[in-house]
Amino acid sequence: MLKVENLNQYYGQSHILHNISFEVPNKQCTCIIGRNGVGKTTLLKSIMGQVAVKADVMQYSDMDLRTLRPEKRAYAGIAYVPQGRQIFPLLTVEDNLRIGLPVYQKRSGKRRAAIPDMVYELFPVLAEMKQRRGGDLSGGQQQQLAIGRALVLNPGLLILDEPTEGIQPNIVAEITRVIRRLNEEWGLTVLIVEQKLHLIRALADHFVLIERGNCVAKGRGDELTPELIQTYLSV
Ligand SMILES: Nc1ncnc2c1ncn2[C@@H]1O[C@H](COP(=O)(O)OP(=O)(O)OP(=O)(O)O)[C@@H](O)[C@H]1O
Ligand SMILES: [Mg+2]
C-alpha cells in the first residue's frame, strides 16, 4: 500500500499542493481526479521524487519514499507512465520495451533477457509491431507501448498520468480493460489520473479529488456523488 500524509509541494514561491493525505490500497485502482491545472501531475511527480516535497508520511510497502532517491523508486517496484507518452521514437517497439529490462533484472536478481509474454498478451499490437519504430505508431499504440514498458519492470504499483488523453475510443476501451485485468488477474496496484467520467466510473475502486492543490474529497468509487462531480469536475 502507498500512504501519503500531509504532503506539501512548492514551485519556488508558489505553494501548489496543500496537506494532501490519502492511501492507495493494494490490488485495487485509485483515481486522482480534478480539473486541469489543480496539481494532479505534480502529485504524481511528488511520489516519484521528481519534485521536492515536505510530507509527514510518504510510504510504499515498508519503504520511506522521502529518503529513497528517485531512481531507486523504480527498483522498489513503482512504475510510472508520465503524461504525454514518452517513448523513444527512433527505437523499435521491442527496443523500447527492453529499456525496462535492466531494472527488472536488478530488482529480481534474475538475468532474464526477454520481454515477459504477459506484455504481448495484454497488448497484442506490440507483438505485431515489434520491429516498427516507436515514432511510427499511432498515439494510442504509443500509449500502449509506454504502459507495456512500465510492466516490463514487473511493478507492484503502476502509476499512470492521463493514459487516455487524446486517444481514439477503441484504444481507450482496450487500455481500460487492461488496467482492470492488471488489478484482477495480476494483482497490481494502480494509481491513475483520469478526467473522463465514464472511465472514472469504470475504473475507480477509490477516488482522490483535488481542487487547487487541496484534497477536497476522497472515498470509494461509489461515494463519488453527482454533487461532487458537478462542483469539482468539468463535465
Ligand atoms: N515546473 C513548474 N514550475 C512552476 N509551476 C508549475 C510547474 N509545473 C506545474 N506548475 C503549476 O502547478 C500547478 C499544477 O500543475 P499540474 O501540472 O500538476 O496540474 P494538473 O492537474 O496535472 O493539470 P492537467 O490536468 O492540465 O494535466 C499549475 O498551476 C501549474 O501551472
Ligand atoms: Mg497533468
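Since we're looking at a predicted model, the values are computed, not measured. We count residues from 1, following the sequence as given. Values below: all heavy atoms of this structure, side chains included; hydrogens, waters and symmetry mates excluded. All ligand and atom numbering here is 1-based and tracks the order in the structure.
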If we count only non-hydrogen protein atoms and require a distance under 4.0 Å, does atom 30 (C) of ligand 1 qualify as touching the protein?
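Neighbour list for atom 30 (C) of ligand 1 is empty of protein heavy atoms (cut-off 4.0 Å).
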
So which bit of Glu162 gets within less than 4.0 Å of ligand 1, heavy atoms only: side chain, backbone, both or neither?
side chain

By the rule that ILVMFWY residues connect when side-chain heavy atoms come within less than 4.5 angstrom, directly or transitively, which residues belong alongside Tyr75?
Val103, Leu153

Nearest protein heavy atom to atom 15 (O) of ligand 1, by residue and atom, and its distance?
Thr42 OG1, 3.7 Å

Could you tell me the residue and atom name of the protein heavy atom closest to atom 13 (C) of ligand 1, and the distance to it rounded to 0.1 Å?
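Checked against all protein heavy atoms, atom 13 (C) of ligand 1 sits closest to Gly37 O, 3.8 Å.
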
Any Gly34 heavy atom less than 4.0 Å to ligand 1
no

Between Ile16 and ligand 1, does any nitrogen or oxygen pair lie at a separation below 3.5 Å?
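For ligand 1, there is no N or O atom that lies under 3.5 Å from one belonging to Ile16.
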
Output yes when a side-chain donor or acceptor of Ser21 lies under 3.5 Å from a complementary backbone atom of Asn6, and no otherwise.
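Judged by distance alone, yes, a pair lies under 3.5 Å.
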
Below 2.8 Å of the Mg ion (ligand 2), tally up the protein N/O/S atoms for me.
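Protein N, O or S neighbours of the Mg ion (ligand 2) under 2.8 Å, waters not counted, come to 2.
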
Under a 4.0 Å threshold between the charged nitrogen and the carboxylate oxygen, would [Y] count as salt-bridged to [X]?
X      : Y      : result
Arg149 : Asp95  : no
Arg181 : Glu121 : yes
Glu128 : Lys130 : no

